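All figures in this text were calculated on a predicted structure; none of them were measured in a lab. Chain identifiers are assigned alphabetically (A, B, ...) following the order of the sequence lines, protein sequences preceding nucleic acid strands; residue numbering begins at 1 within each chain.
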Amino acid sequence: MIRLGLCCLFREQPIKFRTTTAAALSRMERSAAVRKLADLCLHNAEALLQALTYCHAHDIGAFRVMSQILPLKTHPQQGYRIEDLPDAQEIVARFQACGELVRSRGLRTSFHPDQFVVLNSPRDSVVAASVAEIEYQAEVAEWIGADVINIHAGGAYGDKAAALARLEASLEMLSPRARSRLTLENDDAIYTPAELAPLCQRTATPLVYDVHHHRCCPDGLTEIEATDLAMATWRREPLFHISSPLEGWQGPKPERHHDFIDLRDFPRCWLAHQLTVDVEAKAKELAVFQLKRELAALAPTTTR
DNA sequence: AGCGGTCAAGTTGAT
DNA sequence: ATCAACTTGACCGCT
């Protein structure tokens with residue numbers, strides 16, 4: 001019943017996504033720059049199709065798409081609209097082909113905008129840039145059939161209640177296609193499941209439960225309680241995160257991720273549910289395979 | 001061809 | 001006040 005997900009990259013499989021830098025583009029004529037960007041987008045769409053094909057063939061049920069799938073899409077100077085790139089139709093067509101595969105094979109895809117996306121910032125410019133980034137990912141999500149754009153709640157700014165109120169207000173700024181995909185995840189330092197759950201329930205925003213973060217930043221809830229709380233916020237298959245600490249729970253930085261998942265870190269209460277669990281481990285597909293094997297040995301019919 | 005410094009963005013907390 | 005850590009590899013300019 002557990003669908004395991006791979007995050008963005010491969011350790012051994014030669015499937016590579018490409019990107020560029022704003023500095024490099026700024027040294028080129030705009031025509032050459034957009035040509036390069038278009039080539040990268042075409043390449044990445046093809047690579048995504050390969051990634052999804054690989055996942056399906058190897059029984060990996062979910063794939064997280066890297067934020068730079070369209071490189072520098074919302075950069076203030078080098079950003080672009082897809083329709084302004086050469087081969088725009090071909091780029092979209094290739095991503096839509098990914099979407100066909102996702103739907104026909106029952107795969108799940110998601111996005112996880114990174115730490116620069118902060119919807120609860122007191123700075124309007126930060127919120128505006130964050131909304132733009134989420135909207136870009138929502139456009140690609142629509143092409144590829146991704147149902148999740150997962151973000152953290154943001155900073156505390158010395159007043160979490162006010163910060164969460166700003167977050168709630170910012171949700172209103174999103175288009176329907178972005179809003180309907182947006183999810184919130186508990187983080188490893190600031191916002192716990194207990195703090196996010198009320199907002200999630202009130203705003204019908206699914207809560208992505210990261211049990212590693214919960215262990216780093218606890219709130220008094222047991223893992224069973226947090227699991228149930230998070231599950232109740234989903235109107236579809238829940239998406240959770242798993243990872244193991246690089247140097248053990250007693251190490252200096254338990255929030256850092258290990259190459260593989262220690263089976264002891266996988267909450268047993270998750271096994272009873274139909275869930276997607278993204279495997280956040282540096283050995284990538286190898287870690288997914290290892291966890292799948294170990295879960296299968298534990299309970300032979302409960303994984304796929 | 002190979003090497004290594006650098007890469008758009010925000011926030012926090014260690015120094 | 002400054003800066004590394006988040007996640008991480010890959011780009012790109014230099015030899």
Practice item. Kindly say if A/Lys16 contacts the phosphate of C/dA10, meaning a side-chain N or O under 4.0 Å from OP1 or OP2. Key: yes
Check your understanding: Using purine N1 to pyrimidine N3 plus N6-O4 or O6-N4 for Watson-Crick, or N1-O2 and O6-N3 for G-U wobble, both under 3.5 Å, which nucleotide pairs with B/dT15?
Key -> C/dA1
Point to revise | Spacing of the P atoms in C/dA4 and B/dG5 (rounded, Å) | key: 13 Å
**Study point:** A/Arg123 side chain near B/dT11 phosphate (N/O to OP1/OP2, under 4.0 Å)
**Key:** yes
Review point. Checking side chain to side chain contact (heavy atoms under 4.5 Å, CB included) against A/Pro71, which of A/Thr21, A/Leu40, A/Leu25 comes through?
Key: A/Leu40
Review point. In whole Å, what separates the C1' atom of B/dG4 from that of C/dC6?
Key: 22 Å
Point to revise | Test: A/Glu223 and A/Arg268 ion pair at under 4.0 Å | key: no
Check your understanding: When you check the gap from the basic side-chain N to the acidic O, do A/Arg81 and A/Glu139 get nearer than 4.0 Å?
Key -> no
**Study point:** Span that lies between the P atom of C/dG9 and that of C/dA5, in whole angstrom
**Key:** 15 Å
**Study point:** Joint cluster assignment, A/Tyr191 & A/Val126, ILVMFWY side-chain distance < 4.5 Å
**Key:** no
Check your understanding: Roughly how many Å is it from NE2 in A/His213 to C1' in C/dT7, rounded to a whole number?
Key -> 10 Å
Check your understanding: If you look at every strand shown and take non-hydrogen atoms under 4.0 Å, does A/Leu72 touch a base, only sugar-phosphate, or nothing?
Key -> base
Exercise for review: Please tell me which of the listed nucleotides, C/dG9, B/dA8, B/dT12, lies nearest to the side chain of A/Gln68?
Suggested key: B/dA8
Check your understanding: How far does the P atom of C/dC12 sit from the matching atom of B/dA8, given to the nearest Å?
Key -> 10 Å
Check your understanding: Tell me: NZ of A/Lys160 to C1' of B/dT12, nearest whole Å?
Key -> 12 Å
**Study point:** Among B/dT11, C/dT8, B/dA8, the nucleotide that comes nearest once only the side chain of A/Pro76 is considered
**Key:** B/dA8
Review point. Using the P atom in both, what is the distance from B/dG2 to C/dT8, to the nearest Å?
Key: 27 Å
Check your understanding: To the nearest angstrom, how far is A/Glu133 atom CD from B/dG10 atom P?
Key -> 12 Å
Review point. Going by atom types alone, do A/Thr205 and A/Arg179 pair a side-chain donor with an acceptor below 3.5 Å?
Key: yes
Check your understanding: Checking all strands, does A/Ser130 fall into the base, sugar-phosphate, or nothing category for heavy-atom contacts under 4.0 angstrom?
Key -> nothing
Point to revise | Donor on one side chain, acceptor on other, A/Thr203 and A/Glu168, under 3.5 Å | key: no
Review point. Hey, is A/Arg35 close enough to A/Asp87 for a salt bridge, meaning N to O under 4.0 Å?
Key: yes
Practice item. Determine the Euclidean distance between corresponding P atoms of C/dC3 and B/dC7; express it in Å to zero decimal places. Key: 14 Å
Check your understanding: Which one is paired to C/dT8, where only Watson-Crick or G-U wobble pairs with both distances under 3.5 angstrom count?
Key -> none
Revision key, fill the gap. Rounded to whole Å, CG of A/Leu119 lies from C1' of B/dA9 at a distance of 14 Å
Exercise for review: Could you check how far CD1 of A/Ile69 sits from C1' of C/dA10, rounded to whole Å?
Suggested key: 14 Å
Check your understanding: In whole Å, what is the span from the CD atom of A/Gln115 to the C1' atom of B/dG13?
Key -> 15 Å
Practice item. Measure from CG on A/Asp114 to P on B/dT11 and round the result to the nearest Å. Key: 13 Å
Practice item. Using atom types as modelled and distance alone, determine if a side-chain donor or acceptor of A/Lys160 lies under 3.5 Å from a backbone N or O of A/Ile190. Key: yes
**Study point:** Note, A/Val131 side chain near A/Leu119 side chain (heavy atom, < 4.5 Å)
**Key:** yes
Taking only N/O atoms, report every protein-nucleotides 12-15 of chain C pair under 3.5 Å with atom names and distance.
| from | atom 1 | to | atom 2 | distance (Å) |
| --- | --- | --- | --- | --- |
| C/dC12 | OP1 | A/Thr20 | OG1 | 2.3 |
| C/dC12 | OP2 | A/Lys36 | NZ | 3.2 |
| C/dG13 | OP1 | A/Arg27 | NH1 | 2.1 |

Revision key, fill the gap. Pairing partner of B/dA9, by Watson-Crick or G-U wobble and under 3.5 Å for both distances, is none
Review point. Would A/Phe116 pass as stacked on B/dA9, i.e. its ring centre under 5.5 Å from the base's six-membered ring centre and planes under 30° apart?
Key: yes
Point to revise | Nearest-angstrom distance from the residue atom CD of A/Gln77 to C1' of B/dC7 | key: 15 Å
